[in-house]
Amino acid sequence: MARYNAKESEKDWQAAWDAKNAFVTPNDFSRRKSYILEMFPYPSGRIHMGHVRNYTMGDVLARFRRAQGFNVLHPMGWDAFGLPAENAAREKGVNPREWTYANIAAMRDQLKSMGLAIDWSREFATCDPSYYRHQQKLFLDFFRAGLVYRAEADVNWDPVDGTVLANEQVIEGRGWRSGALVERRKLAQWFFKITAYSDDLLDALDHMERWPEKVRLMQKNWIGRSEGMRFSFDLSNGKSVEVFSTRPDTLFGASFVALSPDHPLAEALAAKDAKLIAFVAECRRVGTAEEAIETAEKLGYDTGLTATHPFDPNWKLPVYVANFVLMAYGTGAIFGCPAHDQRDLDFARKYGLPVLPVVVPEGTDAKDFAVGDKAYVGPGRLANSRFLDGMDVAQAKADVAKRLEAAGKGTRTVHYRLRDWLVSRQRYWGCPIPMVHCPKCGLVPVKESDLPIKLPDDVRFDVPGNPLDHHPTWKNVPCPACNAPAQRDTDTLDTFVDSSWYFARFCDTKAEAPVSREAADYWLAVDQYIGGIEHAILHLLYARFFTRGLKKLGYTNVDEPFAGLFTQGMLCLTTFKDKNGQWLEPGEVEMRDGGFFKKGTNEIVTVGPSEKMSKSKKNVIAPETIIDIYGADTIRWFMLSDTPPERDIEWTEDGVEGCWRFVQRIHRLVTEAGALPPPGAKPNAKSEGADLGLRRATHRAIAAATDDLEALRFNRAVARIYELANAISGAEAGVAGAVRREALETLVLLVGPMMPHLAETCWQLLGHKTMVVETAWPVADPELTAFDTVNYAVQVNGKLRAVKQFPKGADKETVESTVLALEEVKRALDGKPPKRVIVVPERIVNIVA
RNA sequence: GCGGGCGUGGCGGAACUGGUAGACGCGCUGGAUUUAGGUUCCAGUGACGCAAGUCGUGGGGGUUCAAGUCCCUCCGCCCGCACCA
């Protein structure tokens with residue numbers, strides 16, 4: 001029999017599915033639904049292995065749910081705005097639009113070659129005016145609802161990408177894309193009011209059981225809620241300064257007040273103090289070299305001012321400007337309590353300030369408690385604190401709060417680390433912001449009837465800066481309110497806005513409104529979302545915010561966009577370097593005589609560690625070359641096998657070969673099955689012997705593989721399928737044809753979501769006229785998955801001595817006496833009587849000697 | 001520094017609420033088929049030992065009839081955040 005020709009077969013089945021519109025999802029709102037979504041790709045031009053892994057996992061789930069009878073939504077689109085298109089325009093002179101759509105066309109073909117069960121009729125790109133038109137409408141809706149505002153603020157400026165960035169997009173002080181050190185600038189920009197939902201975004205995390213704990217924690221830390229107090233110190237110059245503290249209980253341990261170098265008061269003082277100007281400049285210089293922060297010494301400048309203790313008019317504290325106080329957090333000013341805060345302690349030791357413990361551990365006398373070079377941050381009782389003495393930390397906090405509030409000096413507040421989402425980008429290839437700046441009327445929203453505000457085509461990239469701003473005419477428009485000459489906002493929206501609601505648009509891509517309420521009510525939330533961990537905060541937090549905004553505006557009825565989230569691991573591959581330390585592609589390296597050489601030469605190659613596939617390290621394998629050689633099913637199977645889906649997976653040639661052999665093996669099992677009864681033949685309900693054995697193996701495989709797929713344990717489902725294949729090849733020749741047919745059909749159907757083309761071919765070879773994609777998922781017969789005999793492990797003193805089979809439900813006495821009579825047990829007991837015999841039903845017997 | 005995760009054969013990894021450690025795959029060894037290579041098939045494959053058996057889930061200690069799994073402690077690796085008051 002001929003081998004399975006994956007290449008031909010796969011193309012044929014893809015055409016056959018298309019011809020039947022097999023994956024076009026009807027908006028039939030009466031059926032039970034399942035919305036499976038993978039993070040949509042940026043159209044860079046080629047798919048990479050990460051895409052293959054991501055989309056394979058989603059596809060398996062989509063096909064599995066479909067077979068189970070769900071109405072499945074499994075769409076695909078393109079996150080198509082962004083800088084690479086603009087950079088390509090600058091570098092190669094191409095038009096960003098043409099470049100993007102050409103990339104989309106190429107990638108669509110590549111995705112289709114994977115045989116994905118996607119409803120392509122719902123495809124869209126975020127750069128389609130028919131998409132961003134709705135986004136502009138939503139922007140205006142959000143604006144009217146108070147969720148969008150414009151403000152001047154210190155912003156993160158990426159000098160390489162030439163635009164501002166949101167806080168989430170600054171990683172270790174550098175732009176997330178460019179890697180350039182971010183500068184601070186004061187600019188008027190647009191913000192989404194994500195902080196309006198700080199508490200809600202935080203609290204909901206506790207109920208999102210189907211999200212990875214890790215992602216929830218990262219978001220929790222990012223939102224960074226802390227409860228404390230704001231209160232004021234009166235200063236010797238007649239002014240006052242407000243501080244924020246989570247530890248007002250330690251107020252009697254205070255030994256200084258410190259201001260951020262960026263604090264307005266510090267700036268005011270600096271105006272009259274040359275040394276302070278120099279100090280502030282020094283702080284800012286260190287501040288930009290982010291690596292230095294970790295080791296940065298605590299530095300302070302004594303302003304000469306004093307602050308009066310809120311509870312003692314005679315107690316004066318020195319006021320410093322200190323480099324470790326951040327303007328961006330709290331009020332930009334603190335009181336320092338060295339005994340109970342490490343930073344304050346470091347600072348106090350350096351400048352010789354008092355260190356007075358005011359919280360001592362339970363059971364310790366305050367006289368015996370001293371703080372060395374480690375601040376005490378644990379629980380305890382208040383001491384050296386006048387009216388607070390003897391209270392625990394919580395009581396003291398409450399008491400201080402009550403007194404400060406009563407005195408009108410402070411208030412309890414909750415502070416968040418999360419700040420509003422800055423969405424203005426000084427770039428061309430993004431969604432234009434539908435706002436007009438009128439000299440008379442100020443900020444005026446564009447009329448909805450004028451949407452979409454389209455990007456102009458005739459833009460120049462040969463001059464630096466924002467092409468929309470440079471455009472000779474585009475920005476000049478009459479004011480929508482007064483008709484006087486005015487100017488459009490020339491910024492575009494952060495591309496993360498585009499991806500913050502695309503899942504809602506997929507519910508009905510033809511809807512006149514941005515989101516069809518009826519379709520959204522049916523399809524949302526996404527049942528299973530799959531993508532990379534790199535979006536743990538950025539995209540996933542923005543989408544959660546946006547969904548709340550959509551709900552507020554009445555577009556949807558859900559708070560959370562993604563009921564289940566799965567973050568897949570990355571792909572890794574060995575790295576190679578030549579003698580000059582330059583990275584080499586795997587194709588440039590050959591192995592011979594047990595060593596690695598540059599192909600065709602005797603130059604020895606250095607083998608590096610396996611690392612995440614990346615272009616810069618040249619350790620990438622192009623999916624299309626693998627699909628070309630082995631077919632899509634092989635690469636799909638590889639992505640699912642062995643490694644749990646959340647972990648990083650090592651790409652190996654041997655692994656792929658093994659998968660390819662299994663493809664052939666399944667095909668062979670079917671073609672060489674011999675004479676089988678026709679489709680529909682049922683095995684004898686009272687099978688026994690070898691027939692029963694194979695039937696049990698079949699039904700156990702169904703039960704186990706189904707459970708594993710439900711839990712996204714693809715690697716285990718794969719193992720179950722191998723076991724079934726082994727059981728089929730190992731079955732005796734005499735096994736009844738109907739039993740063999742049942743086993744083979746089951747194998748094909750279980751394989752179906754994972755290797756869909758192979759499954760269709762085999763299904764046809766088994767005599768079916770229908771397709772696997774229209775066949776229901778097999779159901780395990782509980783009678784056949786249960787065991788009628790049980791193997792007891794027999795231990796003596798916890799050591800395995802024998803395994804003995806008993807009928808299911810054998811009574812303890814029988815088990816015990818039979819086991820004690822076993823030769824192995826007698827030998828191990830060596831004539832001594834057992835002290836105790838533990839029988840765990842259906843599992844184990846342990847004899848204690 | 002803080003928070004989280006992980007540590008099991010040569011490798012990727014199984015092991016449900018403590019109950020036969022190593023399923024399944026890769027690799028490797030031997031044999032059969034083949035002109036040969038590949039494919040395919042059969043057998044084997046944690047370590048030591050001829051065997052009986054002993055030892056084995058990062059190290060040490062503990063709980064238990066029984067520990068990869070629970071507790072304490074130490075070590076190592078990975079990820080996230082990072083002067084957050």
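To find a chain, count down the sequence lines: A is the first, B the second, and so on, and within it residues start at 1.
- Between A:Q805 and A:Y792, the side chains place no donor N or O within less than 3.5 Å of an acceptor N or O (distance only, hydrogens not considered).
- Checking B:A21, B:A85, B:G25 against every side-chain atom of A:Q795, the shortest atom distance belongs to B:A21.
- Proximity note for A:N715 (side chain, C-beta onward) versus B:A23, B:C83, B:A14: the nearest is B:A14.
- When both pairing distances are held under 3.5 Å, B:C2 makes a Watson-Crick or G-U pair with B:G80.
- Minimum atom distance to the side chain of A:K298 is reached by B:C83, of the listed B:C26, B:G53, B:C83.
- Across B:A85, B:C24, B:U54, the shortest atom-to-atom separation from the side chain of A:F244 is found for B:A85.
- Residue A:N797 has no polar side-chain atom (N or O) positioned under 4.0 Å from OP1 or OP2 of B:C65.
- Closest to the side chain of A:D642, from the set B:G25, B:U17, B:G13, is B:G25.
- Proximity note for A:S226 (side chain, C-beta onward) versus B:G13, B:C65, B:A85: the nearest is B:A85.
- Minimum atom distance to the side chain of A:E723 is reached by B:A23, of the listed B:A23, B:G4, B:G53.
- Rounded to an integer number of Å, the gap from CD of A:E823 to C1' of B:A52 is 13 Å.
- Under the 4.0 Å criterion applied to side-chain N and carboxylate O atoms, A:E227 and A:R412 are not assigned as salt-bridge partners.
- We find that CD of A:E842 is positioned 15 Å from C1' of B:U20, with the value rounded to whole Å.
- Distance CZ (A:R720) to C1' (B:G25): 12 Å, rounded to an integer number of Å.
- To the nearest 0.5 Å, atom CG of residue A:L750 and atom CG of residue A:D708 are 11.0 Å apart.
- Atom P of nucleotide B:G80 and atom CG of A:L541 are separated by 17 Å, given to the nearest angstrom.
- A:K214 places its NZ atom 16 Å from the P atom of B:G3, with the value rounded to the nearest Å.
- Of the candidate nucleotides B:A82, B:A14, B:C65, B:A82 has the atom nearest to the side chain of A:R417.
- To the nearest 0.5 angstrom, A:K397 atom NZ is 12.0 Å from A:M229 atom CE.
- Rounded to an integer number of Å, the gap from A:I533 CD1 to B:C6 P is 14 Å.
- Ionic pairing of A:D199 and A:R225 is present here: one or more N-O contacts between side-chain nitrogen and carboxylate oxygen are shorter than 4.0 angstrom.
- For A:R343, the listed nucleotide lying nearest its side chain is B:C84; candidates were B:U40, B:C84, B:A85.
- Contact check, A:R647 against B:G12: no side-chain N or O comes under 4.0 Å of OP1 or OP2.
- In terms of position along RNA chain B, the nucleotide closest to A:N791 lies nearer the 5' end than the nucleotide closest to the other residue of the pair A:N791 and A:R801.
- Rounded to an integer number of Å, the gap from A:Y329 OH to B:A82 P is 13 Å.
- Comparing A:V718 and A:N221 by the nucleotide of RNA chain B that holds the closest heavy atom to each, the one mapping nearer the 5' end is A:N221.
- Side-chain atoms of A:N846 and base atoms of B:C65 include a donor and an acceptor less than 3.5 Å apart.
- For the residue pair A:Q219/A:R544, the side-chain donor-acceptor check at 3.5 Å is satisfied.
- Atom P of nucleotide B:C65 and atom CZ of A:R836 are separated by 6 Å, given to the nearest angstrom.
- Base pairing of B:C41: its partner is B:G31, meeting the Watson-Crick or G-U wobble criterion (both donor-acceptor distances under 3.5 Å).
- Of the P atoms belonging to B:C16 and B:A85, the separation is 40 Å, rounded to the nearest Å.
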